[in-house]
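To start, the structure itself, in structure tokens.
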Number of protein chains: 2
Amino acid sequence: MLTQTAIRSNSNHQFASARAATPVLHRMTGDSERGSLGETMQLMGATMSYPRNTEIFGENEPADYVYKVVSGAVRTYKILTDGRRQVGSFYLPGDIFGLQFADEHVFSAEAITDTKVVVIKRSALTSLAGRDASVSKELLNLTSRELQRMQDRVLLLVKSAQERVASFLLEMAERACANNIVELPMSRQDIADYLGLTIETVSRTLTCRETSCTIEVPSSRRIVLRNRTALNRLNA
Amino acid sequence: MLTQTAIRSNSNHQFASARAATPVLHRMTGDSERGSLGETMQLMGATMSYPRNTEIFGENEPADYVYKVVSGAVRTYKILTDGRRQVGSFYLPGDIFGLQFADEHVFSAEAITDTKVVVIKRSALTSLAGRDASVSKELLNLTSRELQRMQDRVLLLVKSAQERVASFLLEMAERACANNIVELPMSRQDIADYLGLTIETVSRTLTCRETSCTIEVPSSRRIVLRNRTALNRLNA
DNA sequence: CGACCATTTGATATGGATCAAGCGATGTGG
DNA sequence: CCACATCGCTTGATCCATATCAAATGGTCG
């Protein structure tokens, strides 16, 4: 439990500075927001691009901004004292992140693939919330949903490896799925660190599901769900 | 992983109906709220009593109320499909619970010991929040803090048994400690279900810490912290 | 005192981690 | 265009932390 092959994430911070604005207005696929907040952010915020594996913000940095994914994918994570990495969440297009209302970020955030986000000052958002009850309501809703997701994580983390992986696939299917084909932007290591397992276990579990014809894995980042019922059963 | 000695929580629902009002105004020890919300609830809400092990609300019931613990202690939990129980959170005097902004409760809630809570209609709270920006801000703060706690839980659940128990003791020490003496309202089973371990492992881990003089366990519900530094080290 | 329950302690089993090697895709330099 | 290094992933063998099974102990209430 205590040792694990050290730190594997290799962020190249040299790219972390952003290229400037040109707001992007097309609406992406994610469903993380129905209300005005997403649009508000896209109107008021600046678009920034982050190449693959670059840092968006770091743990303990002041949490001055809120982000919305336009394209690509983001992971938040924390390096534990023993060197292991725990992934907090994955964010896909449409998702809003950086909402933690602490002064400092608790997690770091990195682009998983080349990613565009819109950024807005938290202060702008909170002052807007002070004037507009609907904005503040939406902030609360978003935070509640995030809380909900974290509660689900807690439930997930006490289950067996099979169950965790099944849950993960179903979760991703909810969020980024075109007729049962799930495209995973993240590596096995990311998945493992998200589920609290090792890459070996994730890999083995997937091949096991494949053998039982529950899924197909045509390429490592693409998974076809053959039998959702079976996955749901595992999901417990 | 899949089997576990079935369902151990023995709620006697016959007591679940509440004795009526008589609002209690004295402020309790918990620190879950600094702002006006706690006071507002105590002024507007009704006080209810729940004997030990009775249900306060059930999973899938409409989430119409928000609760504040006046005295006693509360656990929220969920029974998983395989019969295991996962404890979501413990709430101590001063803590507010039932905040989830879903229409239905995701967890059930039970009194751990004889417990008094004040109850307020969620609708009253949200309409108040619509009028008063400071209330809505506080709701957001409370929810954020709950989110924060859940994130900590996630980090906790990927650690070793030693670390989980150490973290738990330190968490409880933060919340219900008089000069290093922690009074635990909950059973070993509650702790185990909270930490995602078995009672045996929790018990063994505690005796191990006791042997190493990090803690003392004069009675099973009372733990004296002898060496916080050592606990913090384990906490990782 | 005796029944009951929570907790501790002991012996054994097992799921997933760890260690180690192989494999396929991608990229790079000659 | 091919040899070769690299990287991400898979597969295999072994080990260990924690679960499971079982029994002893202790505390509480009639």
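Throughout, protein chains are lettered first and strands after them, A, B, ... in sequence-line order, and every chain is numbered starting at 1.
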- Is there side-chain contact between Val165(B) and Leu197(B), with heavy atoms separated by less than 4.5 Å? yes
Please state whether the phosphate of [N], meaning OP1 or OP2, lies under 4.0 angstrom from any side-chain nitrogen or oxygen of [X].
X         : N       : answer
Thr207(B) : dT9(C)  : yes
Thr198(B) : dA19(D) : yes
Ser203(B) : dT9(C)  : no

Could you state the [atom1]-[atom2] distance from [X] to [N], rounded to the nearest angstrom?
X         : N       : atom1 : atom2 : value
Ile199(B) : dC21(D) : CD1   : P     : 13 Å
Leu197(A) : dC9(D)  : CG    : C1'   : 16 Å
Lys159(B) : dA17(D) : NZ    : C1'   : 17 Å
Leu157(B) : dT18(D) : CG    : C1'   : 15 Å
Met186(A) : dG8(D)  : CE    : C1'   : 15 Å
Asn53(B)  : dC5(C)  : CG    : P     : 13 Å
Gln162(A) : dA17(C) : CD    : C1'   : 16 Å
Asp193(A) : dA17(C) : CG    : P     : 11 Å

Heavy atoms from C-beta onward define the side chain here; which of [options] lies closest to that of [X]?
X         : options                  : value
Ala161(A) : dG16(C), dT7(C), dG10(C) : dG16(C)
Glu200(B) : dA22(D), dT7(C), dG16(C) : dA22(D)
Thr201(A) : dC9(D), dA17(C), dT18(C) : dA17(C)
Arg188(A) : dG10(C), dT11(D), dC9(D) : dC9(D)
Arg204(A) : dT18(D), dT11(D), dC9(D) : dT11(D)
Ser220(A) : dA6(C), dG16(C), dC9(D)  : dC9(D)

- Message: Phe57(A) and ring-ring contact (aromatic ring centres under 6.0 Å, His included): which single residue from Phe107(A), Tyr67(A), Tyr65(A), Tyr77(A) fits?
- Response: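 Only one option passes, and that is Tyr67(A).
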- Identify, with sequence neighbours excluded, every residue that meets salt bridge (Lys or Arg N to Asp or Glu O under 4.0 Å) alongside Arg228(B). none
- Hey, does the Lys NZ or Arg CZ of Arg153(A) hover above the aromatic six-ring of Tyr194(A), less than 6.0 Å from the centre and inside 45° of the axis?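 Positive - Arg153(A) is close enough to the ring of Tyr194(A) and near enough to its axis.
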- Query: So what does Ser219(A) touch, heavy atoms closer than 4.0 Å: a base, only the sugar-phosphate, or nothing?
  - Reply: nothing
- Query: How would you list all residue pairs meeting salt bridge (charged side-chain N to carboxylate O under 4.0 Å, His left out) that involve residues 204-215 of chain A, not counting sequence neighbours?
  - Reply: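 Non-adjacent pairs meeting salt bridge (charged side-chain N to carboxylate O under 4.0 Å, His left out): zero.
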